[in-house]
Trainee: 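Got a structure here, written out as structure tokens. Questions coming.
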Amino acid sequence: MDPSLAPYIAVALIFILMAAGVPVFAALALSGAAGIIMVEDFAFLLTRLKSLPYSVTAVYTLVIIPLFILMGSFAHHAEVGKKLFNVASKWTGHLPGGLAMSSILTSAGFAATSGSSVATAATVGSVALPEMKKAGYDPALSAGAVAAGGVLGVLIPPSVLLIFYAALTETSAGKMLIAGFVPGLLTTIVFMFGIYFIAKRGASKGAVTPRAGWGEAAIGTAQAWQVLVLFIVVMGGIYLGLMTPTEAGALGAFAAFLMLLAHRGAWKAGMLGKITESFRSSIDTTVMILFTIIGAGVFSYFLTLVQVPNQLAQAVVDSGLPPYLVIGCLLLVFVPLGMFLDAFSMMVIAIPIMFPTVRSLGFDPIWFGILTVKMCEIGLITPPVGLNCYVIAGIDRETPLPTVFRGALWFVAMEFVTILILFSFPGIITWLPNLMDAN
Amino acid sequence: ATSLKFDSYVSDSAGPSWIDRWYLDELEKRTNGEVEIRRYWSGSLNKVGEHLAAARDGTSEITLIAPGYYQAELPVTRGLEWYFRMNRADALQRVCREVYDNFEPLRAEWEQRHRSKVLYWTNWNYAPLVLREPINSLEDLKGKRIRGYGVATDVIEALGGTAIPMAAPEVYPALERGILDGVYGFDFVTAVAYKLHEIAPHFYDIGDGPHAPSAVIMNKQVHDNLPEDVRKVSDELISEIYGGQFSSIYEDVLSRYVDTATAEGVRFATISDEEKQRARDLVQPAQIDKWKKEVAPQAGVDGDAMQSMIDDAIAKFDPEGTLPRPYEISKRS
Amino acid sequence: MNVIQATLRIVSNLFGVVAMLFLAFLMFGITADVIMRGLTGDPLSGVFEMSELSLVMVVFMGAMWAQRDRAHIRVNILSQRLSGRAHRAIMAFGWGCGALALLMLAWPATQEAVYSVSIREFRWGYTQIPIWWTKVGLALGLWFAAIQMICHATFALVQDESDDHQPIAEA
Ligand code: NA
Ligand code: NA
């Protein structure tokens with residue numbers, strides 16, 4: 001067999017296996033394995049897989065995932081999440097799509113403490129989805145909103161991905177972080193407008209909560225003092241320099257655990273049961289996410305091995321197109337890549353190939369960096385491999401995966417609108433980092 | 001044609017990568033297309049910690065190994081890791097080759113145990129002590145929280161600081177928020193690439209000498225089966241690397257990074273000779289003795305014999321070393 | 001069959017409790033580390049190194065619970081539309097592929113675990129922490145998850161498993 005056909009066969013296999021109802025992690029792992037066998041052999045595959053499950057999971061930066069899920073789970077049983085969400089919905093719930101907007105706002109707030117997209121989606125998802133369901137929201141819209149809200153996690157600082165881009169291209173890490181802030185806000189606003197129009201035109205049209213007066217909204221906010229405590233523990237801890245985001249996840253979970261212990265309702269319903277349930281559901285979701293990462297790891301090893309991403313990026317670099325078109329095409333390369341690869345892999349492979357061209361054409365590295373990060377983030381919500389959507393489908397077991405992806409597609413469209421705005425008006429990205437020079 | 005995979009856990013602009021790229025490019029060039037090498041940087045193919053097994057088992061043919069990530073697997077090689085024992089990074093490279101050629105257990109560790117041939121020893125040039133606030137003497141390090149890893153933690157603790165282990169991507173924000181007061185064990189080029197100086201601009205040369213060796217290895221079977229002419233070209237390149245290419249490539253890279261760093265506000269500084277001596281006495285020979293006492297016997301090697309061979313090699317090569325430290329380069333202009 | 005089911009249930013609970021303990025360690029351990037550092041300036045040694053290892057244990061010791069609770073996501077558009085023998089076949093195929101993937105990981109992971117134990121593998125951070133035991137736990141977790149998945153595939157073929165996303169109260 002012609003080995004150059006291997007990527008096509010492997011990709012087709014993913015779709016076939018997933019459509020046949022094979023668990024996602026297995027569909028990815030088996031397709032990747034088939035690809036590796038096609039270009040190497042079975043012995044090579046088994047040798048490569050010896051250390052893969054360990055090296056993919058024994059990663060400190062992933063420790064944040066179970067911790068924030070656990071925090072969400074305790075908070076849910078302590079009914080803290082409900083209160084948090086009440087606050088947001090008191091202010092926006094009367095608008096069409098108001099609750100979905102609240103979850104976007106909550107994501108933005110959470111993104112300011114966490115550098116992880118998946119952690120953001122998992123945390124906000126576990127809080128907001130049940131409430132939106134109760135209010136009669138279209139499951140696609142609500143799932144899409146929390147999955148997409150997660151992408152704010154790596155845009156609004158702190159963000160591991162922004163720092164990573166800076167290190168790869170040797171641009172200022174400080175400027176990259178600052179540069180993510182305004183585009184993060186813009187994305188938030190575009191998402192909220194988008195939700196407004198979607199909701200107004202059909203989905204969840206009737207699902208609005210009664211308008212709360214300013215007074216009521218203020219009282220509701222004051223009652224959610226536990227939220228304030230969690231907020232201070234998590235955000236304050238990070239900003240005061242007392243801890244890293246991962247550590248804040250642990251402290252947040254601990255604080256939520258104490259709140260559960262202090263929650264009278266939970267004692268009535270059986271405290272031990274609540275605690276065990278929180279742990280078990282957090283473990284379930286963590287296993288699902290990490291196994292999916294393992295499966296994706298096998299598949300991405302295959303794609304990397306045959307150098308598909310490099311060839312795509314190189315083709316655009318060598319294309320000889322006019323400058324703006326080259327940049328546009330370079331960014332578009334991330335769409336097919338993002339269907340299968342995670343953001344880090346894409347950056348590591350593509351940026352060293354793309355960046356010299358970007359620089360020699362005289363474009364601002366920070367501007368290109370933010371656009372790249374945004375393109376990479378889209379991959380988290382596009383099928384077939386979209387980790388944020390997997391996480392949401394894992395948390396909300398009643399909404400099937402295709403529905404989540406369908407809802408997320410609206411937000412993919414909104415992302416493209418945002419990227420087009422940022423592409424056309426570079427000043428939106430560059431003015432804040434440029435202020436740093438002025439000082 | 002011979003198709004090979006080169007697999008590195010660091011980016012193509014990291015310190016040793018400049019040497020590696022020269023070797024790979026020249027190997028392709030001088031064999032007139034007979035050898036073709038696919039390059040995988042930044043752990044894009046195998047993740048950090050997997051590269052030794054990849055070379056051993058033959059899923060990758062050539063790879064960069066930093067022994068720090070394979071502590072249990074490379075106990076003899078760990079005998080080559082130190083601070084405060086010599087001065088020049090290019091000399092460290094030759095010291096490693098000398099010991100590899102003459103100390104049989106070291107060679108066996110690579111060639112038999114891990115079925116890989118060390119093509120050439122390389123290293124991370126120099127690792128400045130990167131600090132947020134300037135210090136007047138080593139006394140000021142007391143209680144400072146400094147990110148460290150491996151042997152670097154020994155140094156931090158010996159100087160009275162608190163060593164804090166931390167994942168690399170969390171280092172910048174941790175400095176920014178004051179969780180860390182400084183960073184040690186990042187080589188100079190990497191520290192500049194990560195822009196640590198935006199938060200911590202004080203780069204101290206504390207007289208610790210070159211920073212940790214690493215090795216570029218090739219699967220032994222692949223190496224033994226290379227066509228005669230290809231192996232000849234490779235051997236030729238390797239002798240050029242030891243014969244001056246290493247220092248000339250590295251000096252060029254360091255000069256450029258010193259320029260960048262200076263332009264971006266790095267303050268190069270050093271401490272007095274007495275202070276350096278005091279630091280050296282705190283770290284050595286304690287660190288080497290620890291290896292002799294704890295690691296060598298377990299690995300079944302004569303630690304004294306290896307270390308005295310190293311002492312001789314240092315005496316022989318260190319005075320010949322020429323690769324300047326970033327601090328020295330910064331004072332030139 | 002019942003004996004197998006009962007055995008798997010016991011093993012999954014045993015492993016699940018271990019996973020819980022490690023998750024609890026992550027929460028309490030890191031919290032204690034932060035508090036210690038805040039109070040004394042010194043971190044609790046070993047917590048950072050143990051964090052990664054704990055995550056490994058949470059994932060592979062928790063794998064059986066996750067499958068019992070049907071936490072692995074899958075697309076069921078096709079299987080929902082089928083019934084009878086076709087439905088049984090497609091469900092069995094899905095879990096069968098899951099089992100195959102797990103076996104494909106379990107066998108090499110076992111070789112890795114044997115190697116890791118033979119060299120008493122440890123990782124080096126601020127303190128040396130042995131890691132060989134996590135690789136053993138990883139391989140064990142994968143093997144039992146694979147066996148459990150094979151059973152699920154068999155049950156699905158024989159008894160017909162519903163498509164509901166709801167957790168199922170059996171092995
Ligand atoms: Na963030
Ligand atoms: Na995707």
Trainee: Taking side chain as everything from C-beta outward and backbone as N, CA, C, O, which of these in A24(C) sits under 4.5 Å from a heavy atom of chain A? Side chain, backbone, both or neither.
Mentor: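 Contact with chain A involves both backbone and side-chain atoms of A24(C).
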Trainee: Distance from L26(C) atom CG to S282(A) atom OG, nearest 0.5 Å?
Mentor: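 Between L26(C) CG and S282(A) OG, I get 11.5 Å after rounding to 0.5 Å.
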Trainee: Report which part of L251(A) has an atom under 4.5 Å of a heavy atom belonging to chain C: side chain, backbone, both, or neither.
Mentor: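 Interface part for L251(A): both.
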Trainee: Quick check for you: to the nearest 0.5 Å, what is the distance between L401(A) atom CG and I77(C) atom CD1?
Mentor: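 Reported value, rounded in 0.5 Å steps: 8.5 Å.
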Trainee: Please examine the side chains of E52(C) and T57(A), heavy atoms only from C-beta on, and report whether any two atoms are closer than 4.5 Å.
Mentor: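 SC-SC contact between T57(A) and E52(C) ruled out.
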Trainee: Of the backbone (N, CA, C, O) and the side chain (C-beta and beyond), which part of L49(A) lies under 4.5 Å from a heavy atom of chain C, both, or neither?
Mentor: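 Both parts, backbone and side chain.
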Trainee: Of the non-hydrogen atoms in F25(A) and A101(C), which two are nearest, and what is the gap between them?
Mentor: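 Nearest pair, atom of F25(A) first, then A101(C): CE1-CB, 4.3 Å.
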Trainee: Less than 4.5 Å to any heavy atom of chain A: does that hold for the side chain of V34(C), its backbone, both, or neither?
Mentor: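 Side chain only.
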Trainee: Kindly check if the number of other-residue, nucleotide or ligand heavy atoms within 6.0 Å of CZ (F93(C)) is above 12?
Mentor: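 No.
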Trainee: For I65(A), which atoms come within 4.5 Å of any heavy atom of chain C: side chain, backbone, both, or neither?
Mentor: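 Neither part, no heavy atoms under 4.5 Å.
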Trainee: Could you tell me which portion of W65(C) (side chain, backbone, both or neither) has an atom closer than 4.5 angstrom to a non-hydrogen atom of chain A?
Mentor: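 Contact with chain A involves both backbone and side-chain atoms of W65(C).
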Trainee: Closest heavy-atom contact between P66(A) and L55(C)?
Mentor: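 Scanning both residues completely, I find the closest heavy atoms to be CG-CD1, 3.8 Å.
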Trainee: How far apart are the C-alpha atoms of V75(C) and F405(A), what are their side-chain angles, what is the distance that settles it, and do they pass the side-chain contact (heavy atoms from CB on, under 4.5 Å) test?
Mentor: CA-CA 11 Å; V75(C) 178; F405(A) 274 120; over 6 Å; no
Trainee: With a 4.5 angstrom heavy-atom cut-off, is it the side chain or the backbone of I90(C) that approaches chain A, or both, or neither?
Mentor: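 Backbone plus side chain of I90(C), per the 4.5 Å heavy-atom cut-off to chain A.
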Trainee: Can you say whether L45(A) sits under 4.5 Å from chain C via the side chain, the backbone, both, or neither, judging by heavy atoms?
Mentor: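 Contact with chain C: side chain only.
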Trainee: Which atoms of M61(C) come close to chain A, meaning under 4.5 Å heavy atom to heavy atom: side chain ones, backbone ones, both, or neither?
Mentor: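 Contact with chain A is absent: no heavy atom of M61(C) under 4.5 Å.
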Trainee: Apply the side-chain contact (heavy atoms from CB on, under 4.5 Å) test between H72(C) and each candidate in V24(A), T292(A), V287(A); give the one that qualifies.
Mentor: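 Exactly one pass, corresponding to V287(A).
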Trainee: In Å, rounded to the nearest 0.5 Å, how long is the span from SG of C97(C) to CE of M18(A)?
Mentor: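 Here the rounded value is 13.0 Å.
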Trainee: Counting only non-hydrogen atoms closer than 4.5 Å, does T134(C) touch chain A with its backbone (N, CA, C, O), its side chain (CB onward), both, or neither?
Mentor: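 Just the side chain, heavy atoms under 4.5 Å.
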Trainee: Carefully, step by step, assess E112(C) and Y54(A) under the rule side-chain contact (heavy atoms from CB on, under 4.5 Å).
Mentor: CA-CA 10 Å; E112(C) 174 75 6; Y54(A) 180 83; 5.9 Å; no
Trainee: Among A26(A), A250(A), A33(A), who wins on heavy-atom pairs under 4.5 Å with chain C?
Mentor: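 The answer is A250(A).
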Trainee: Can you name the closest pair of heavy atoms from L105(C) and P53(A) and give their distance?
Mentor: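 For L105(C) versus P53(A), the nearest heavy atoms are CD2-CG, 4.1 Å.
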Trainee: Applying salt bridge (charged side-chain N to carboxylate O under 4.0 Å, His left out), name anything that partners R280(A), two or more places apart in sequence or on another chain.
Mentor: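 Scan of R280(A) (salt bridge (charged side-chain N to carboxylate O under 4.0 Å, His left out), adjacent residues dropped) gives D69(C).
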Trainee: As an exercise, state the distance from CD1 of I283(A) to CE of M64(C), rounded to the nearest 0.5 Å.
Mentor: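 So the CD1 of I283(A) and the CE of M64(C) are separated by 13.5 Å.
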Trainee: Can you give me the closest heavy-atom contact between A20(A) and L78(C), atom names plus distance?
Mentor: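 So the minimum-distance heavy-atom pair works out to CA-CD2, 4.2 Å.
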Trainee: With a cut-off of 6.0 Å (strictly less than), are more than 12 heavy atoms of other residues, nucleotides or ligands near CG of L272(A)?
Mentor: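 Incorrect, the count does not exceed 12.
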Trainee: Under 4.5 Å, counting heavy-atom pairs only, tell me which of L142(C), I131(C), L138(C), L23(C) racks up the most with chain A.
Mentor: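 Highest number of heavy-atom pairs under 4.5 Å: L23(C).
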Trainee: Looking at A71(C), S116(C), P108(C), which one has more heavy-atom pairs under 4.5 Å with chain A than the rest?
Mentor: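 Highest number of pairs under 4.5 Å: P108(C).
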Trainee: Does any heavy atom of chain C fall under 4.5 Å from the side chain of I294(A), the backbone, both, or neither of them?
Mentor: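 It is the side chain, since no backbone atom gets that close.
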Trainee: Given 3.5 Å as the limit, does a donor-acceptor pair link the side chain of R70(C) with the main chain of R397(A), or not?
Mentor: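 No.
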Trainee: Could you tell me how the ring of F48(C) sits relative to the ring of Y60(A): parallel (under 30°), tilted (30 to 60°) or perpendicular (over 60°)?
Mentor: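 If you compare the ring of F48(C) with that of Y60(A), the planes turn out tilted.
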Trainee: Taking all heavy atoms of R74(C) and all of V22(A), pick out the closest pair and write down the distance.
Mentor: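 Heavy atoms of R74(C) and V22(A) come nearest at CB-O, 3.9 Å.
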Trainee: Would one find more than 12 heavy atoms of other residues, nucleotides or ligands at under 6.0 Å from atom CH2 of W107(C)?
Mentor: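 For W107(C), atom CH2 is not crowded (no more than 12 foreign heavy atoms under 6.0 Å).
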Trainee: Over 60° means perpendicular and under 30° means parallel, so classify the ring planes of F60(C) and F291(A), tilted if in between.
Mentor: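 Tilted, since the angle between the ring planes falls between 30° and 60°.
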Trainee: Please rank S281(A), G249(A), A253(A) by heavy-atom pairs under 4.5 Å with chain C and give me the top one.
Mentor: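 Among S281(A), G249(A), A253(A), the one with the most close pairs to chain C is A253(A).
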Trainee: Apply side-chain contact (heavy atoms from CB on, under 4.5 Å) to the pair L67(A) and I30(C), showing each step before the final yes or no.
Mentor: CA-CA 10 Å; L67(A) 289 172; I30(C) 297 178; 4.0 Å; yes
Trainee: Under 4.5 Å from any heavy atom of chain A, what part of S51(C) do you find: side chain, backbone, both or neither?
Mentor: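 S51(C) touches chain A through backbone and side-chain heavy atoms alike.
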Trainee: Nearest 0.5 angstrom please: I73(C) CD1 to D396(A) CG, how far?
Mentor: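 Spacing of CD1 (I73(C)) from CG (D396(A)) equals 12.0 Å.
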Trainee: Do you know which of Q80(C), M91(C), M27(C), Q111(C) has the most heavy-atom pairs under 4.5 Å to chain A?
Mentor: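 Highest number of heavy-atom pairs under 4.5 Å: M27(C).
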Trainee: So, is the end of the K50(A) side chain (NZ or CZ) under 6.0 Å from the ring centre of Y115(C) and within 45° of the ring's axis?
Mentor: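 Judged by the rule (NZ or CZ under 6.0 Å from the ring centre, within 45° of its axis), K50(A) is not positioned above Y115(C).
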Trainee: Below 4.5 Å from any heavy atom of chain A, which atoms of L53(C) appear? Answer side chain, backbone, both or neither.
Mentor: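 For L53(C), side-chain heavy atoms alone lie under 4.5 Å from chain A.
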Trainee: Using a cut-off of under 4.5 Å for heavy-atom pairs, which of V17(C), D33(C), L102(C), T110(C) has the most such pairs with chain A?
Mentor: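 Of the options given, most contacts go to L102(C).
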Trainee: If I take atom CE from residue M104(C) and atom CG from residue L30(A), how far apart are they, to the nearest 0.5 angstrom?
Mentor: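 It is 5.5 Å, given to the nearest 0.5 Å.
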